[in-house]
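Encoded as structure tokens, the structure appears first; notes follow it.
If you're wondering where the values come from, they're calculated on a predicted model, not measured in any experiment.
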Amino acid sequence: MDQATATTVFESLASGVRLDVFRLLVKQGPQGLVAGEIAAALGLPATNVSFHLKALTQAGLLTGTQEGRYQRYRANIALMAELIAYLTDECCAGHPALCEGLGVPECLACGSTPARTD
């Protein structure tokens, strides 16, 4: 992932509604939801949700599949995993002891468990 893509993803999630939509679709897993179900679950007008779904799709955070008259949306978990990897790929610079005290169970970059001193 490059900085421009990461910035686009973050800008898309900077809206509380979009963050709610993404999290809702993460919970749904691969089955996803159609736009009307998303609007109903979040208690929002369909036109409002449509605007946010378009922005999330353009950012790559959602995929949409046509099902008759409806569009089914799914969270792009692979993109989110790529974003997390982009953010943490320099974690501890290969020295897991540096992760000690950060409150993480393992180094985000290398997967090593930080040394415990207690």
Cut-off 3.5 Å, no hydrogens considered: what does the side-chain donor-acceptor table look like for residues 28-36, sequence neighbours left out?
{"residue": "Gln28", "atom": "OE1", "partner": "Gln31", "partner atom": "NE2", "Å": "3.3"}

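Here CG of Asp2 is found 7.0 Å from OH of Tyr86. Values are rounded to the nearest 0.5 Å. Atom CG of Leu44 is separated from atom NE2 of His52 by 7.5 Å, given to the nearest 0.5 angstrom. If you take CE on Met1 and CD1 on Ile84, they are separated by 10.0 Å, rounding to the nearest 0.5 Å. If you take CZ on Arg23 and CG on Leu42, they are separated by 11.5 Å, rounding to the nearest 0.5 Å.
When the side chains of ILVMFWY residues are joined at heavy-atom separations under 4.5 Å, either directly or via intervening members, Phe51 and Leu56 end up in two distinct hydrophobic clusters.
When all heavy atoms of Leu13 and Arg18 are compared, the pair lying nearest together is CD2-O, 4.3 Å.
Open room surrounds CD on Gln3; 12 or fewer heavy atoms of other groups in view lie less than 6.0 Å from it.
Side-chain contact check for Leu24 versus Glu37: every heavy-atom pair is 4.5 Å or farther apart. Taking the side chain as every heavy atom from C-beta outward, Leu62 and Asn76 never approach each other to under 4.5 Å. Residues Tyr73 and Ile38 have side chains in contact (heavy-atom distance under 4.5 Å, counting atoms from C-beta outward).
Between the side chain of Ser12 and the main chain of Thr8, no donor-acceptor pair closer than 3.5 Å is present. Judged by distance alone, with hydrogens and angles left aside, the side-chain atoms of Gln66 form a donor-acceptor pair with the main-chain N or O of Tyr70 at under 3.5 Å.
Side chains of Thr65 and Arg74: a donor on one and an acceptor on the other come within 3.5 Å.
Checked options Leu61, Val17, Val9; the residue passing with Phe22 is Leu61 (criterion: side chain to side chain contact (heavy atoms under 4.5 Å, CB included)).
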